[in-house]
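See structure below.
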There are 2 protein chains.
Amino acid sequence: MSQMQNVERQLREMILGLEIGPGEKLTERWIEGRFGASRTPVRAALLRLETEGLVGRDGRGWTVSPINLAELEQIAVYREAVEVAALRLTCTHADGNAIDVIEAMLDSCDENTAREEWHRVGMDFHIELARLSGNEFLFRGVRDAMTRLSRARWLEVRDEAALGRAWAEHRAILAATRLGDADEAARRLSAHIVGSRDRLVTSLANDRRGLRARGFAVVAA
Amino acid sequence: MSQMQNVERQLREMILGLEIGPGEKLTERWIEGRFGASRTPVRAALLRLETEGLVGRDGRGWTVSPINLAELEQIAVYREAVEVAALRLTCTHADGNAIDVIEAMLDSCDENTAREEWHRVGMDFHIELARLSGNEFLFRGVRDAMTRLSRARWLEVRDEAALGRAWAEHRAILAATRLGDADEAARRLSAHIVGSRDRLVTSLANDRRGLRARGFAVVAA
DNA sequence: GATACCAGTTTGGTATCCCAAAATGGTATC
DNA sequence: GATACCATTTTGGGATACCAAACTGGTATC
């Protein structure tokens, strides 16, 4: 694999994994040294990650995008539009086998599963469901929105009960989709997204002090 | 302005203006010479234009994205989702003054207006309307979709009557939005987008031979 | 005539160098 | 102690050099 893709992938993982905190300054030379690549692939990676919203410009330099509560709310609205559209599309040509695969993803999580894995599967559920629509642009929209939400969701304080409820909602959405009941599926997905957004923003707003203490920049709604 | 932004802007204009045809090969060295910049800004520009879907990789090299009828149909579906969501949002806080500005854009076109200008205003109408939603992500979604549709719409064979009908639809959408009638506005916008898509794809499919004769790569639906 | 093969050229990927602007840090001044 | 000022360093933007892989055109072989 080329250096360019390597730097991009590794830097993205460090940002999403919060190994580099939201709001931290980045210098091209530091990245260069950190990954043993020269500046050309480093700059290519930064340009890509900028379009993903993971890094941004801070004057002349680069910054890991802070957690922005107002932005999170906007993303949730965008996500609802594209994900519901994708799901409605999927309902028009529901494929039982494909839905089985996604349901198996949910089943793969139990009480012994690491929290990190629940997190990842929770994202992939929505991404893979959107992929079933067959529409590349709706799919990308959902995937990009989930990427932008990823760090915030990881920071969210979630209890076991909340995760269980989310999983139940996922299953209900799948069930309606399997039946091709677009209205029911859309209704449940909308509720899921809105609820998810509210819990997320509330949790982060409440924990803002703690997040700042960890050195994470959090911008208010 | 920096070279990077310069190269990006000029190259984008050449591609959107069809000065470089869909499907044409690009070499970094040619661009370098054409705009008097070195490869560093050229590379940055290509990476950016790649995310806009205007250029793509062809093996190791670069290609101006061909007109892809299947893709155009998918983009229209995506666009409908985000643009309708944006419009519904706008209807919840309709601002008469802002709508006046957009209506003035429509008024600025008359029988003496160049076709190129009609084309530009037709795009900007949708983009500016989406901006009123106040949601950055819905706005970007609409803007990016319009960018991707731009070349195809320019190639579309459209008569005066079709343009007149489009303008009437635009005005009806604005009127419903001004009244805050979200359902009516959404219904009219959906119809406008679907009709627009059908005419576009039909026109291009019919004229495929002519387009190929001009050296434009057109991929079938 | 078709094909396999080879030398020369082109091209994108990468590394490195240079520069102007911005950030930094220390110092003199009040 | 606060502040204005200046020398130094750092940093991103750009230019260029180098390389390996891909492409090209021609040639020899069958």
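Lettering of chains follows the sequences in order, A, B, ..., and the numbering in each one begins at 1.
Qualifying ring-ring contact (aromatic ring centres under 6.0 Å, His included) partners for A:His119, counting only residues two or more places apart in sequence or in other chains: A:Trp154. For the side-chain contact (heavy atoms from CB on, under 4.5 Å) test, residues two or more places apart in sequence or in another chain that qualify with B:Ala162 are B:Arg158, B:Asp159, B:Arg165. Partners of B:Glu136 according to the salt bridge (charged side-chain N to carboxylate O under 4.0 Å, His left out) rule, which considers only residues two or more places apart in sequence or in another chain, are B:Arg140. A:Arg131 meets the salt bridge (charged side-chain N to carboxylate O under 4.0 Å, His left out) test with A:Glu128; sequence neighbours excluded. Not counting sequence neighbours, the partners of A:Asn206 by the side-chain contact (heavy atoms from CB on, under 4.5 Å) test are A:Thr202.
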Donor-acceptor pairs are to be reported for all side-chain atoms of residues 79-89 of chain A against protein atoms at under 3.5 Å, with residues two or more places apart or in another chain.
from	atom 1	to	atom 2	distance (Å)
A:Arg79	NE	A:Glu83	OE1	2.8
A:Arg79	NH2	A:Glu83	OE1	3.4
A:Arg79	NH2	A:His126	ND1	3.2
A:Arg79	NH2	A:His126	NE2	3.3
A:Glu80	OE2	A:Ser190	OG	2.9
A:Glu83	OE2	A:His126	ND1	2.5
A:Arg88	NH1	A:Asp183	OD1	2.9
A:Arg88	NH2	A:Asp183	OD1	3.3

Donor-acceptor pairs are to be reported for all side-chain atoms of residues 34-43 of chain B against protein atoms at under 3.5 Å, with residues two or more places apart or in another chain.
from	atom 1	to	atom 2	distance (Å)
B:Arg39	NE	B:Glu28	OE1	3.2
B:Arg39	NH2	B:Glu28	OE1	2.8
B:Arg43	NE	B:Glu28	OE1	3.4
B:Arg43	NE	B:Glu28	OE2	3.3

Identify all side-chain donor-acceptor contacts of residues 207-221 of chain B below 3.5 Å with residues at least two apart in sequence or on another chain.
from	atom 1	to	atom 2	distance (Å)
B:Arg212	NH2	B:Val218	O	2.8

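The stretch residues 21-31 of chain B touches DNA chain C through B:Leu26, B:Thr27, B:Glu28, B:Arg29, each having a heavy atom within less than 4.0 Å of the strand. For the contact set between residues 37-52 of chain B and DNA chain C, defined by any heavy atom under 4.0 Å, the members are B:Arg39, B:Arg43.
Screening residues 14-25 of chain B for salt bridge (Lys or Arg N to Asp or Glu O under 4.0 Å), with sequence neighbours left out, gives B:Lys25-B:Asp58.
Two residues, A:Arg60 and B:Arg60, neighbour DNA chain C, and the one matched to the more 5' nucleotide by heavy-atom proximity is B:Arg60.
Judged by Watson-Crick or G-U wobble contacts below 3.5 Å, the nucleotide D:dC30 has C:dG1 as its partner. Across the strands present, C:dG8 finds its partner in D:dC23; the criterion is a Watson-Crick or G-U wobble pair with both atom distances under 3.5 angstrom.
Across all strands shown, A:Gly61 has heavy atoms under 4.0 Å from sugar-phosphate atoms exclusively, and none from any base.
Under a 4.0 Å N-O distance rule, the pair B:Arg120/B:Glu117 qualifies as a salt bridge.
The footprint of chain B on DNA chain D, defined by a heavy-atom cutoff below 4.0 Å, extends from D:dG14 to D:dA22.
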